[in-house]
Amino acid sequence: MSSSIHRAVCPGSFDPVTMGHVDIFRRAARQFDEVTVLVTGNPNKTSGLFTVDERLELLRESCAGIANLRVDWWSGLLVDYAKEHGISVIVKGLRSSLDYEYEVPMAQMNRNLSGVDTMFLMTDPKYGHVSSTLCKEVIRFGGDIKDVLPAVVEQAIKRKYAPDELESE
Ligand code: PNS
């Protein structure tokens, strides 16, 4: 597929999506005509807290206000998805040098495989400490997470860990 529409992809496991992710999607959506948020992984295999379908649903609900954003999933190589969908850029958020170290080989591999470039957006400092893993852990042990998760996501995590408590609220 080739066109003059500038498309970008934001790939990840999104187990589940956080406000840090949503902030990156919003900022990417201002720079590109179309942004695809891509959940990677096999929908028939359960690894992580949420199934691929649940992650997609939470993404759709959390990003409902971003008009030029679509949500999809893929179980193959990211660069193959990009090629099939006319996407020329991968967009990722960087919180710290730890993310940088993790991202550089992937960016270089993807460029080497296909010529697709990766662009990095610096995470808003207010989300610099936010990760899906930490949010799940804090909620699991009863901590109170504020302003870093979409409301639907916070409720969904609570339902996973303490379904009975939530029903009696
Ligand atoms: O949120 P994550 O788990 O850090 O995201 C990693 C992800 C999904 C971007 C990466 O694992 C990926 O691109 N997977 C798709 C398969 C692929 O293309 N692998 C080669 C990457 S160089």
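Ligands are counted one by one from 1 in listed order, and the atoms in each one are counted from 1 as well.
There is a path of hydrophobic side-chain contacts, each under 4.5 Å, that joins Phe14 to Val138.
Nearest to atom 19 (N) of ligand 1 among the protein's heavy atoms is Leu77 CD2, 3.9 Å. Summary of contacts: the protein heavy atom closest to atom 3 (O) of ligand 1 is Ser13 OG, 2.9 Å. The single protein non-hydrogen atom nearest to atom 5 (O) of ligand 1 is Gly12 CA, 3.6 Å, given as residue, atom name and distance. Taking atom 10 (C) of ligand 1 as the reference point, the nearest protein heavy-atom neighbour is Met106 SD, 3.9 Å.
Ligand 1 lies less than 4.0 angstrom from a heavy atom belonging to Tyr102. Heavy-atom distances between Ala107 and ligand 1 stay at or above 4.0 Å for every pair.
Looking only at side-chain heavy atoms (C-beta outward), Asp23 and Thr123 stay at 4.5 Å or farther from each other.
Although no hydrogens or angles enter the test, the distance criterion places no donor-acceptor pair under 3.5 Å between the side chain of Ser13 and the main chain of Asp15. Although no hydrogens or angles enter the test, the distance criterion places no donor-acceptor pair under 3.5 Å between the side chain of Asp72 and the main chain of Leu38.
For ligand 1, the atoms lying closer than 4.0 Å to a non-hydrogen atom of Lys92 are 9 (C). Listed by number with element, the atoms of ligand 1 under 4.0 angstrom from any heavy atom of Met109 are 22 (S). For ligand 1, the atoms lying closer than 4.0 Å to a non-hydrogen atom of Thr40 are 8 (C), 15 (C). Of all atoms in ligand 1, listed by their number and element, those nearer than 4.0 Å to a heavy atom of Gly76 are 15 (C), 16 (C).
Within a 6.0 Å radius of CE in Met122, other residues, nucleotides and ligands contribute more than 12 heavy atoms.
Residues Glu103 and Leu94 share a closest heavy-atom pair of CG-CD2, 3.9 Å.
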Under 3.5 Å donor-acceptor pairs involving side-chain atoms of residues 58-69, not counting sequence neighbours:
| unit_1 | atom_1 | unit_2 | atom_2 | d |
| --- | --- | --- | --- | --- |
| Ser62 | OG | Leu58 | O | 2.6 |
| Asn68 | ND2 | Ala29 | O | 2.8 |
| Asn68 | ND2 | Phe32 | O | 3.0 |
| Asn68 | ND2 | Asp33 | O | 3.2 |

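Screening residues 116-155 for ring-ring contact (aromatic ring centres under 6.0 Å, His included) gives no qualifying pairs among residues at least two apart or on separate chains.
Looking at Leu113, Asn110, Leu78 and measuring to atom 18 (O) of ligand 1, the nearest heavy atom belongs to Leu78.
There is no protein heavy atom closer than 4.0 angstrom to atom 12 (C) of ligand 1.
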